[in-house]
Amino acid sequence: MKVVALAKYASFQCMAGNCPSTCCAGWSILVDRKDYMRFQELEPEWLREDILSNIKHKDSKYYFQNTKDGKCAMLDQDGLCRIQRNTSEEMLCNTCRKYPRLIRSMGEILYLSMAASCPVVAEYLVMQPIEWNVIDDCGTMKNVTVGDLAMTKNAWSLFQEHWAMALEFCKVHSSVSILYQCFEKMAAGILEILSQNPEGCISAESFLAFEKDTSGNVAAFLNNERVLWENIVDHYMNYRVFSRKIEYPEEKDLDCIRQAQGELFLLRTLAFSRFCENNTLLASDWQDLLQRVYRFSAHGEKVSALFQKMVREFFTQDVFWSFLLI
């Protein structure tokens, strides 16, 4: 079977107790029936009772319950899972065992990517050019781009077409005033989602900069962050078009690039708000915010659906998403 994989996939190592984040917050962790039955036979008894008491049954599926701050109920205060602490990684449910790996087999090809909510992956996306490896049946490996792959070629071409149109638009229209209005619109939309579905990964406090007129900071924000931002846009679009295609193979190309660009503009909105607070941004700030955006837009089914709806309705012209990212 041929394999197409994110280059980081083979070298990934979990940071475990040194992780600055946690993969156990901001989403409902699915426990498949096989794992649930296995937990019912687990020893010691106290751990079995602990696990089963923290699993809820909803819509014919099993999930680990979350605490009030959005974290999995099996997570201890030091950030480590009680199941893994007292048994082994092999005893975790399938969702936790494979995280942050994204795996999809389609036809004769196995596609491998990773979730950007993991800090190791977020650092890679911010700091390094994205590479994809194709390994054939003989074990020969070569580097490819998303534009080379049949699965993503059309979506990538559509993105490039929109990007070229946006660059032409930029020649006669300033983005500064338009950006600020759209920052406010994005912030209002996310706050509306949060008002009904609080998430631990993004809080209302993340948008405090918009409680007053901070439009005068846009030019400085663009100038200070331009080089790193251009790299992030290139890296994330390369990564996200591929990853969404393996998660949602039936999704239309336009919906795929719209969603990826919407996530990037949420990232830019959050970054602007943090910039207004600190007058500067570090690479670590971008990495932290990127994790939060991915977790918010991809992990929770209900919140993810609401965000996708918001992105679809944000503009009538999809090419405008590209304009906001330049």
Side-chain angles (χ1 to χ4, degrees), residues 1-12 100-118 120-137 140-167 227-268 286-287 290-291 293-294 297-298 304 308 311-312 318-326:
M1 174 177 282
K2 184 165 73 173
V3 177
V4 181
L6 183 69
K8 186 67 178 177
Y9 193 95
S11 61
F12 170 77
R101 301 165 185 85
L102 304 174
I103 305 169
R104 169 81 68 171
S105 178
M106 290 185 281
E108 297 298 317
I109 304 177
L110 180 64
Y111 295 96
L112 306 174
S113 186
M114 307 186 79
S117 47
C118 169
V120 176
V121 181
E123 181 182 13
Y124 173 64
L125 294 177
V126 170
M127 303 304 297
Q128 299 180 47
I130 305 306
E131 295 183 349
W132 301 97
N133 296 327
V134 173
I135 306 171
D136 62 23
D137 295 336
T140 303
M141 183 174 72
K142 68 176 181 179
N143 296 121
V144 296
T145 68
V146 288
D148 296 326
L149 299 169
M151 180 182 68
T152 52
K153 184 176 183 178
N154 290 338
W156 190 250
S157 295
L158 185 60
F159 167 61
Q160 294 296 312
E161 178 184 337
H162 284 187
W163 194 260
M165 293 170 64
L167 287 174
V227 174
L228 183 55
W229 173 247
E230 289 175 353
N231 289 335
I232 291 172
V233 172
D234 178 66
H235 299 172
Y236 194 77
M237 288 303 296
N238 269 279
Y239 155 80
R240 195 64 172 124
V241 168
F242 179 94
S243 296
R244 278 199 70 84
K245 281 294 185 181
I246 67 173
E247 290 182 274
Y248 307 100
E250 302 303 320
E251 184 176 55
K252 295 180 180 179
D253 294 332
L254 182 59
D255 292 335
C256 176
I257 64 168
R258 181 195 296 133
Q259 177 68 22
Q261 289 181 301
E263 291 169 13
L264 272 172
F265 190 65
L266 173 55
L267 172 63
R268 201 175 202 186
W286 286 103
Q287 293 164 24
L290 182 60
Q291 295 172 59
V293 167
Y294 187 91
S297 61
S304 177
Q308 288 181 46
V311 168
R312 287 195 303 270
D318 282 281
V319 68
F320 203 58
W321 280 117
S322 294
F323 175 72
L324 292 182
L325 301 182
I326 292 175

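Remember, predicted model here, so these are calculated numbers, not experimental data.
Of all heavy-atom pairs spanning Gln287 and Ala122, the tightest one is O-CB, 3.7 Å. Across all non-hydrogen atoms, the minimal contact from Ala166 to Ser322 is CB-CB, 3.7 Å. Between Leu110 and Met1, the closest heavy-atom pair is CB-SD, 3.5 Å.
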Worksheet item: Taking it one step at a time, do Gln261 and Met237 satisfy side chain to side chain contact (heavy atoms under 4.5 Å, CB included)?
Response: CA-CA 7 Å; Gln261 289 181 301; Met237 288 303 296; 3.8 Å; yes

Item to complete: Could you give me the CA-CA distance, side-chain angles and deciding distance for Arg268 and Trp229, then say whether side chain to side chain contact (heavy atoms under 4.5 Å, CB included) is met?
Response: CA-CA 9 Å; Arg268 201 175 202 186; Trp229 173 247; 3.2 Å; yes

Practice prompt. Kindly indicate, with the supporting measurements, whether the criterion side chain to side chain contact (heavy atoms under 4.5 Å, CB included) is fulfilled by Tyr248 and Gln259.
Written response: CA-CA 12 Å; Tyr248 307 100; Gln259 177 68 22; over 6 Å; no

Practice prompt. Given side chain to side chain contact (heavy atoms under 4.5 Å, CB included), test Leu6 with Trp132 step by step and report yes or no.
Written response: CA-CA 5 Å; Leu6 183 69; Trp132 301 97; 3.5 Å; yes

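Counting heavy atoms from C-beta on, the side chains of Asp253 and Phe159 never come closer than 4.5 Å.
Between the side chain of His235 and the main chain of Ile130, no donor-acceptor pair closer than 3.5 Å is present. In this structure, the side chain of Thr140 does not engage the main chain of Asp136 through any donor-acceptor pair within 3.5 Å. Under a 3.5 Å cut-off, the side chain of Tyr239 and the backbone N or O of Met114 do form a donor-acceptor pair.
Between Ser157 and Glu161, the side chains place no donor N or O within less than 3.5 Å of an acceptor N or O (distance only, hydrogens not considered).
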